[in-house]
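Input: a single structure, listed below in structure tokens.
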Amino acid sequence: MAESTFCRCRETTTWTRARRFLCLWMLFLTVGTFMLTVSVPSLNLSWFMTMTHTAYNTLHTSAADLSPDDPSLYFVPYPNQYSITVDEPHRCWQERPFLVLMIPVAPINREARNAIRNTWGKETTVLGRVVSRYFLLGMSKEEDGTESINEQVLEESRTHHDILQSDFLDSYKNLTIKTMVMFEWLSSRCPKSSFAMKIDSDMFLNVRNLVSMLLKAPQRLYMTGMVARGALVLRDRTSKWFLPVSVFPEDYYPTYARGLGYVFSLDLPKMILEASAHVKALYIEDVYVGLCMRHLGIALTNPPRGHSFHGMVPYLTSNCYWTSVITTILGSSDQLKRVWRVYQSHDDCSHF
Ligand SMILES: *[C@@H]1O[C@H](CO)[C@@H](O)[C@H](O)[C@H]1NC(C)=O
Ligand SMILES: *[C@@H]1O[C@H](CO)[C@@H](O)[C@H](O)[C@H]1NC(C)=O
């Protein structure tokens, strides 16, 4: 009984408090609305639009403000006289390598550089020929912490003498600039060399098979790799390599060597640079090199039979797979280290 009285009593108190609160709330709303009406000229439509637009911009990249058909999205600023800020001005000329390996990599990706230095990139004399490697870097992005990365890159350069850095922003969309800067560097710094290969940092490379193939290859007007002929231009807007008809009206890409890894004789860089003055710099780097080759009227060469530039790792690989190919795409630096151990433990497989 006492309990129930107590309860009812508390209920009444609570309800009274709620009523008082509601009354205050109503008063507050009324006054608020009145104030808002009085000050409405400062909360006008233009202010509202500006705020919405700012919020929209913070949510979307600046590229999204452009229509997907805007040509500026598909071309890069080249030629543009980029300079090499970290260089090896004499090394190639002095060493006269038979083959120069050029590896594009982002400044922040030191792990990939070290994995390559400890695997296929450490082979400096292969079948009696000198081979050397260089990493190609642009400038690191602000969000990656420019200062510490620059310092680390300089330190790597002093230790390994294998860094080439240029003053354009390193980004996926700027790969064409990186490749063209590579051609500039090769044509001015490697006059005594025969071949170069542009190879991505996530690849397996069998340098021995590559040199063996190049010993029989023509030293002029030569480019090979994974040669794509009659490939359809991607018109799907969600594709990473989408190109609108207004930017690239042809249905097929020109014949080109896939960017994962292609090899060329060192008379080509100068010619490709000359062609680039007449061919607008498309952001898809391997297709752009293909367009320059077409402009020059130079045909690409298929690799000789049995010398394979592979894409993905096949589902079933025999023990001798890694000794039989030239390239294969891998997923990570750790995978490269693992594959390298497998490759080295199979000396019993015959090389071709
Ligand atoms: C509307 O707001 C904008 C931005 O705050 C201001 O510049 C403009 O003068 C305002 N217009 C009126 C009519 O109050
Ligand atoms: C490409 O590099 C240029 C030159 O540094 C820079 O202005 C531009 O913003 C970069 N573009 C992209 C998409 O990163």
Side-chain angles (χ1 to χ4, degrees), residues 54 56-88 102-110 112-113 134-154 156-157 163-189 198 200-202 233-244 246-248 253 256 258-260 269 272-273 275-292:
T54 312
Y56 180 86
N57 276 348
T58 26
L59 286 173
H60 296 77
T61 63
S62 56
D65 284 347
L66 298 172
S67 126
D69 289 327
D70 193 309
S72 69
L73 288 172
Y74 306 96
F75 297 103
V76 296
Y78 190 87
N80 204 8
Q81 299 200 318
Y82 296 103
S83 58
I84 308 280
T85 52
V86 179
D87 200 359
E88 291 296 330
M102 303 295 274
I103 310 141
V105 60
I108 198 172
N109 205 349
R110 178 192 210 164
R113 290 191 289 276
Y134 294 90
F135 294 103
L136 292 160
L137 285 64
M139 302 310 285
S140 64
K141 297 187 189 110
E142 209 74 65
E143 66 260 32
D144 290 344
T146 312
E147 289 243 328
S148 63
I149 291 181
N150 285 351
E151 248 166 58
Q152 177 215 294
V153 164
L154 285 174
E156 281 180 60
S157 167
I163 301 277
L164 307 174
Q165 188 173 33
S166 180
D167 60 354
F168 59 86
L169 183 70
D170 199 303
S171 68
Y172 183 76
K173 279 261 170 131
N174 268 346
L175 277 186
T176 293
I177 302 180
K178 197 175 260 195
T179 294
M180 299 315 282
V181 168
M182 169 187 83
F183 287 132
E184 288 176 13
W185 190 86
L186 287 169
S187 75
S188 67
R189 303 297 199 204
K198 184 235 146 181
D200 282 353
S201 63
D202 55 356
V233 173
L234 299 171
R235 303 292 189 201
D236 173 3
R237 284 178 187 277
T238 60
S239 160
K240 190 175 175 186
W241 296 289
F242 165 70
L243 279 180
S246 57
V247 166
F248 195 84
Y253 297 119
Y256 71 99
R258 291 181 63 197
L260 306 160
I272 292 172
L273 291 172
S276 75
H278 309 281
V279 186
K280 216 167 164 223
L282 201 68
Y283 81 104
I284 308 175
E285 70 90 21
D286 47 9
V287 169
Y288 182 60
V289 173
L291 288 169
C292 290

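For the numbers below, each heavy atom of this structure counts, side chains included, while hydrogens, waters and symmetry mates do not. Note that ligands are numbered from 1 as they come in the structure, with each ligand's atoms numbered from 1 the same way. Only a predicted model underlies this, so the values are computations on that prediction, with no experimental measurement involved.
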Ligand-side contact atoms (ligand 2) for residue partner Phe168, heavy atom cut-off under 4.0 Å = 5 (O)
Is the side chain of Asn174 donor-acceptor paired with the backbone N or O of Ile177 at a distance under 3.5 Å, no angle test?
-> no
Where the side chain of Asp70 meets the backbone of Ser72, is there a donor-acceptor pair that is under 3.5 Å apart?
-> yes
Side chain to side chain contact (heavy atoms under 4.5 Å, CB included) partner of Asp170, the single match among Gln165, Met139, Lys141, Lys178 | Lys178
Using distance alone, determine whether Tyr82 and ligand 2 share an N or O pair under 3.5 Å.
-> no
of all protein heavy atoms, closest to atom 5 (O) of ligand 2 is Leu169 N, 3.0 Å
Nearest-neighbour protein heavy atom for atom 14 (O) of ligand 2, which is reported as residue plus atom name and distance = Ser171 OG, 2.7 Å
Heavy-atom closest pair, residues Val153 and Leu137 = CG2-CD2, 3.8 Å
Counting heavy atoms only, which of Thr176, Leu73, Leu175, Asn174 is nearest atom 8 (C) of ligand 2?
-> Asn174
Check: of Lys141, Met139, Lys173, min heavy-atom distance to atom 13 (C) of ligand 2 comes from Lys173
In terms of ring plane angle, is the pair Tyr78 and Tyr82 parallel, tilted or perpendicular, where the classes change at 30° and 60°?
-> parallel
